[in-house]
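One structure is given here, and the rest of the page talks about it.
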Amino acid sequence: MSKVKDAYKEIEGIIGSDFISDKDFMKAAYSRNVDPAFPDRWADIIVRPESTEEVSEIVKIANKYKIPIVPRGGGADLVGGSVSEGGILMDLTRMNRIIEIDEINYYCEVECGITWGALLSELQGQGLTTGVLGPGSGYSATIGGGLSNSTAGFGSTKYGVIPDICLGVEVVLPNPQGTIIRTGAAANKYAKPFCRYGVAPDFTGLFMGDVGTMGIKTKAFLRLHPETPFKAQRNYMLKKNDYNKVSELLYKLRKEIRDGLHDVLVIPVIVVQLLAGMVENKPVKRPRLKGPVFSILVESTDERVLDIYLEQIENLMKDDARPFEWQEIDPEEPLSKDWEFNLKYAYHYFNKFISVAPPKISCTTCHKVPISALPKVANLSNQFDINYRDEFPSQSIALFATVIFLLPNGNCVVVGGFNADNIDEQREKSMNMWHKKLRLQVRYGGVHYWLGEAISQSIVEANAYTPEFIQFFKDMKKVVDPNYLLSPKKFHMYSYDYDITQNIIKNEE
Ligand SMILES: Cc1cc2nc3c(=O)[nH]c(=O)nc-3n(C[C@H](O)[C@H](O)[C@H](O)COP(=O)(O)OP(=O)(O)OC[C@H]3O[C@@H](n4cnc5c(N)ncnc54)[C@H](O)[C@@H]3O)c2cc1C
């Protein structure tokens with residue numbers, strides 16, 4: 001019997017035959033993420049453990065037979081992170097329990113396979129929130145995926161990215177012992193998991209944004225907040241298509257409104273035009289679309305304070321922008337004054353503003369930049385698209401940004417990419433251009449976050465890491481994963497002996 005068959009038998013003995021499969025239809029079902037540039041990739045075995053102990057046992061067996069493992073949550077990754085060519089694909093979505101919601105001390109303990117949709121629906125009923133509400137894919141994306149991808153989402157302008165709300169994790173290390181550890185306050189076996197720092201060095205950070213390379217997260221301890229009762233939204237359209245102005249206004253909003261800002265999205269004029277073109281029942285009057293739209297959401301515990309925020313924003317925007325209503329392009333949209341926040345809104349903004357040409361989100365290049373760098377990176381990005389126009393796959397639309405999303409501390413996310421189709425003839429072209437554009441962004445100092453395979457490899461290709469950092473990364477991984485089994489290929493790391501610098505692309509503008 002092959003080692004895969006032997007491992008299958010042993011894992012079956014642990015989790016039962018209903019939760020392991022090597023059938024073709026299962027492999028096919030798990031062969032993709034939302035990333036058309038990649039080909040289908042079939043794992044050898046799909047497993048669906050139900051507990052931390054089962055994960056640990058599977059890890060021991062994988063080590064015994066030296067079979068790689070890739071963890072998977074909701075599989076809503078956009079960059080090839082949660083599929084596996086061969087080896088074991090570990091679907092964690094059966095680990096979906098809420099273990100504790102502590103409404104007095106404002107934290108919760110959950111299993112990492114629970115979706116944002118399920119957790120937030122439960123919290124909402126209790127008047128609680130995690131603040132940042134997970135990604136646009138949150139109905140099906142999991143807490144584990146969000147922590148592993150350093151996900152940004154609705155609420156990130158105020159509450160930061162998902163690792164910012166993490167107080168610690170329970171992790172199964174990919175070592176031969178399948179060691180289980182807890183980080184944050186929970187590293188003190190007598191303590192409740194109510195805070196992150198203090199008991200030991202911040203080992204939680206080792207597993208944040210690791211795209212499943214350092215350990216398999218089985219439980220997470222998350223910060224909670226009481227739901228803020230008053231929220232309002234206002235939209236403004238800039239009078240000119242001027243990214244110096246965008247940068248200046250983002251700075252002023254952050255400086256003056258501070259904690260009142262729940263979300264600030266800037267939707268480029270090209271995207272508004274595309275959205276206007278997609279509306280079925282167009283308005284009688286043709287819209288005048290001159291510049292990007294600022295969509296600003298504020299919150300407060302006091303309605304009077306909310307009114308002050310809205311007045312401040314009006315004053316801040318009035319010289320450079322005019323109030324804008326989505327009704328100008330779509331008569332069926334509500335007016336800002338009638339807008340109400342709900343989870344449906346939080347999860348649909350992605351489909352509305354980001355995936356402007358459905359179903360063609362792909363080759364995503366979302367990354368963070370300091371807000372002062374916006375004009376420069378807009379220019380570089382547009383220039384790249386012009387220079388390499390002929391090298392993009394046919395009919396693809398490349399956009400500098402489908403949305404700019406303000407984050408805390410003066411940085412913002414530039415959400416963008418270009419569309420590719422799931423067609424074999426286009427795959428090489430799409431993949432080449434994708435990596436090339438990512439390298440440009442890395443070299444102008446952009447910081448990506450959902451790294452998966454495509455982006456983590458592009459960072460290496462762009463020669464971003466110093467030799468010392470690469471060595472440190474390898475040394476840290478070797479401590480937790482001596483047989484190099486967890487998520488191989490990410491960061492162009494194929495083994496500890498492999499010299500990843502041979503993947504550096506030199507002599508590129
Ligand atoms: C429509 C749509 C909207 C999106 N909106 C956003 C957005 O607003 N913001 C954003 O940041 N991203 C967004 N994304 C990208 C993606 O959905 C998110 O990054 C999301 O957090 C991934 O969660 P998941 O559970 O689907 O993870 P998966 O795709 O299953 O996995 C993501 C990565 O994490 C690893 N992983 C998963 N679970 C674990 C675990 N328990 N332990 C260790 N490693 C693990 C995987 O190996 C993989 O590398 C969007 C994607 C789509 C399709």
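No experiment lies behind these values; they were computed from the predicted model shown. Note that ligands are numbered from 1 as they come in the structure, with each ligand's atoms numbered from 1 the same way.
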- prompt: Quick check: does any side chain N or O of Asn175 sit under 3.5 Å from a backbone N or O of Gln177, one acting as donor and the other as acceptor?
  reply: yes
message: Would the distance check show the side chain of Thr130 and the main-chain N or O of Leu133 forming a donor-acceptor pair, the cut-off being under 3.5 Å?
response: no
message: Pairs of nitrogen or oxygen atoms closer than 3.5 Å, one from Arg72 and one from ligand 1: do any exist?
response: no
query: Can you tell me if Thr157 uses its side chain to pair, donor with acceptor, with the backbone of Leu406 under 3.5 Å?
result: yes
statement: Near Gly146 (heavy-atom distance under 4.0 Å), the atoms of ligand 1 are 21 (O)
query: Under 30°, 30 to 60°, or over 60°: which ring-plane class applies to His367 and Tyr444, parallel, tilted or perpendicular?
result: tilted
message: ring-ring contact (aromatic ring centres under 6.0 Å, His included) for Phe294 and Tyr236? Distances and angles first, verdict last.
response: CA-CA 5 Å; Phe294 275 64; Tyr236 292 87; 8.2 Å; no
message: I'd like to know if Asp385 and Lys437 make a salt bridge, using a cut-off of under 4.0 Å between side-chain N and carboxylate O.
response: yes
query: Can you tell if the side chain of Arg234 reaches within under 4.5 Å of the side chain of Ser336, non-hydrogen atoms only?
result: yes
- request: Would you mind finding which of Pro135, Ala152, Ala220, Gly153 brings a heavy atom closest to atom 9 (N) of ligand 1?
  value: Ala152
field: Residue-ligand contact Ser150/ligand 1, heavy atom below 4.0 Å
entry: no
task: Would you tell me which option among Gly212, Pro71, Ser82 has the nearest heavy-atom contact to atom 47 (O) of ligand 1?
output: Pro71
message: Check contact between Tyr449 and ligand 1, using heavy atoms of the residue and a distance below 4.0 angstrom.
response: yes
message: I want to know if ligand 1 touches Gly74 in the polar sense, i.e. an N/O pair below 3.5 angstrom.
response: yes
field: Thr142, any N or O under 3.5 Å of ligand 1 N or O
entry: yes
query: At a 4.0 Å threshold, what atoms of ligand 1 neighbour a non-hydrogen atom of Asp77?
result: 29 (O), 32 (C), 33 (C)
- prompt: Just which atoms of ligand 1 are under 4.0 Å from any heavy atom in Lys490?
  reply: 47 (O), 49 (O)
- prompt: So is there a nitrogen or oxygen of Thr151 less than 3.5 Å from a nitrogen or oxygen in ligand 1?
  reply: yes
- request: Output yes when Glu340 and Lys231 qualify as a salt bridge under the 4.0 Å nitrogen-oxygen rule, no when they do not.
  value: no
query: Tyr494 vs Tyr498 aromatic rings, parallel, tilted or perpendicular, using cut-offs 30° and 60°?
result: perpendicular
- prompt: Using the ring of each side chain (for Trp, its six-membered ring), is Phe491 parallel, tilted or perpendicular to Phe473, with breaks at 30° and 60°?
  reply: perpendicular
- line: In ligand 1, the atoms that come under 4.0 Å of a heavy atom of Val34 are 53 (C)
query: Between Gly75 and ligand 1, does any nitrogen or oxygen pair lie at a separation below 3.5 Å?
result: yes
task: Look at the rings of His225 and Tyr159 and say which category their plane angle falls in: under 30° parallel, 30 to 60° tilted, over 60° perpendicular.
output: tilted
Distance-only N or O hit between ligand 1 and Ala76, under 3.5 Å: yes
query: Taking both backbone and side-chain atoms of Ser148, is any N or O found less than 3.5 Å from an N or O belonging to ligand 1?
result: yes
message: Just to be sure I read this right, does ligand 1 sit under 4.0 Å from the backbone of Leu92, its side chain, both, or neither, counting only heavy atoms?
response: side chain
query: So between Met95, Glu111, Lys217, whose heavy atom ends up nearest atom 41 (N) of ligand 1?
result: Lys217
